[in-house]
Amino acid sequence: MLFSLLLLSIVEGISEFLPVSSTGHMILLSHWLNMNEPFIQSFIIVIQFGAILAVLGVEPSYFKQSLQHPFGKQNRALVIAMLPVLGVGFLLKDAIKAIFTPQVVFMGLIVGGIMLILADALIPKASSKTNAPKVSYWQAVMVGCWQCLSLWPGMSRSAMTIIGGMVSGLNRVSAASFSFVLAFPIMAIICGYELSSSWVSATATEWCLILGGIATSFFVARLTMRWFLGVVHRWGLTAFGVYRIAVGGIGWVFFT
């Protein structure tokens, strides 16, 4: 049990900000480990908070500016980008939970992988490397709408927001950086909602396991994020698309 939870936390930390669907990987891994009890479902959601805390260390200037200008354009753009997925996700939350199956994840991995490869091939590469993107309101709307596609398990919030940023005119690194900072408020709300609905029934042992999972995903995500920005700047997103198609294809053939 302890080893399985540690493995889930490591996979979450690695995959949260990569465009490969952390939720999809967690669903597949929990099925493979035969861990389908309610606590595991809550554990998978809540430990994402550890990963998103790592954003504070990678984009400190962005969050410092947000705190200095709480009603500034930067925060307004974040709110605009958040609203579509929060609204659609709330309305469809029961339907979304019902399709958290390996088959749906495999298809999401394949479709999202194809979209990443097409975006990388068709959208011109920009040479600049910007870690704190300036996002217009229109770009925020575009990213927010694309992010709604991530409600399909296996599609990846990171992948869809990066593609949305690229479609709206951001370069690859700027789009990835905005995807990082956008994850913080959204996942904080989702994790907070999950905790508020399940914390009363959690035992002291389960709370210790959750806190350990949050800490593990934080440290792993911190290492992964800077590596990912370097990869995107040098080589783009195609390799991640190929990986998604391979995993989804293999899974579809052997596990459905």
Side-chain angles (χ1 to χ4, degrees), residues 1-52 85 89 92-117 147-163 179 183 186-187 190-191 194 198 209-210 212-214 216-218 220-221 223-225 227-228 237-256:
M1 176 70 166
L2 186 60
F3 174 78
S4 298
L5 294 178
L6 177 62
L7 187 58
L8 284 170
S9 302
I10 292 173
V11 171
E12 163 59 29
I14 293 173
S15 60
E16 177 62 42
F17 296 102
L18 301 184
V20 297
S21 179
S22 63
T23 302
H25 279 69
M26 299 283 275
I27 292 171
L28 297 178
L29 183 58
S30 62
H31 273 267
W32 179 61
L33 295 172
N34 195 27
M35 303 176 70
N36 299 314
E37 56 266 31
F39 168 70
I40 298 301
Q41 297 176 9
S42 296
F43 181 85
I44 287 174
I45 295 174
V46 174
I47 62 170
Q48 295 179 70
F49 187 67
I52 64 170
V85 74
L92 300 180
K93 60 182 183 298
D94 293 330
I96 293 169
K97 286 185 177 181
I99 60 172
F100 268 41
T101 64
Q103 292 84 356
V104 174
V105 171
F106 292 141
M107 185 56 67
L109 286 169
I110 294 170
V111 173
I114 294 171
M115 292 171 67
L116 276 177
I117 293 173
Q147 188 172 215
C148 291
L149 294 175
S150 67
L151 295 173
W152 176 354
M155 285 296 280
S156 170
R157 188 205 62 81
S158 176
M160 295 303 103
T161 52
I162 290 173
I163 293 175
S179 174
I186 288 177
M187 296 310 302
I190 293 174
C191 293
E194 183 64 26
S198 61
L209 293 173
I210 288 172
I214 290 174
T216 301
S217 64
F218 168 82
V220 176
L223 295 174
T224 303
M225 291 170 68
W227 170 82
F228 175 57
L237 300 165
T238 298
F240 296 101
V242 172
Y243 167 81
R244 290 175 60 116
I245 294 171
V247 172
I250 293 171
W252 188 269
V253 171
F254 291 100
F255 298 102
T256 60

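Side chains included, hydrogens not; waters and symmetry mates left out as well; all remaining heavy atoms used. What you see is a predicted model, and the numbers here were worked out from it, not measured in a lab.
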Nearest heavy atoms of [X] and [Y], plus distance in Å:
X: Q103; Y: W252; result: O-CZ3, 3.3 Å
X: L109; Y: R244; result: O-NE, 3.1 Å
X: Q147; Y: I186; result: OE1-CD1, 3.1 Å

Min side-chain heavy-atom separation [X]-[Y] under 4.5 Å:
X: I245; Y: I117; value: yes
X: I47; Y: T216; value: no
X: I214; Y: F43; value: no
X: V20; Y: S156; value: no

(request) Not counting sequence neighbours, which residues clear ring pair (Phe, Tyr, Trp, His ring centres under 6.0 Å) with F228? List them please. (result)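 Listed in chain order: F240.
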Set of side-chain contact (heavy atoms from CB on, under 4.5 Å) partners for [X], sequence neighbours left out:
X: I163; result: M115, L116, A119, W146, M160, V167
X: I250; result: F254
X: V104; result: I99, T101, W152, P153
X: I96; result: L92, F100, L151

(message) Rounded at 0.5 Å granularity, tell me how far OG in S179 sits from CE in M225.
(response)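 Spacing of OG (S179) from CE (M225) equals 9.0 Å.
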(request) Begin from the C-alpha positions of I45 and M26 and carry the test side chain to side chain contact (heavy atoms under 4.5 Å, CB included) through to its verdict. (result) CA-CA 9 Å; I45 295 174; M26 299 283 275; over 6 Å; no
(message) I'd like to check the side chain to side chain donor-acceptor pair (under 3.5 Å) partners of T238; sequence neighbours left out, ordered by chain and number.
(response)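 In terms of side chain to side chain donor-acceptor pair (under 3.5 Å), with neighbours along the sequence ignored, T238 is linked to D120.
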Could you pull out every donor-acceptor pair under 3.5 Å between side chains of residues 7-17 and any protein atom, sequence neighbours left out?
| residue | atom | partner | partner atom | Å |
| --- | --- | --- | --- | --- |
| S9 | OG | L5 | O | 2.9 |
| S15 | OG | V11 | O | 2.6 |
| E16 | OE1 | S22 | OG | 3.1 |

(message) Can a donor-acceptor pair be found, under 3.5 Å and without considering hydrogens, that links the side chain of R157 to the backbone of S150?
(response)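 A pair under 3.5 Å: no.
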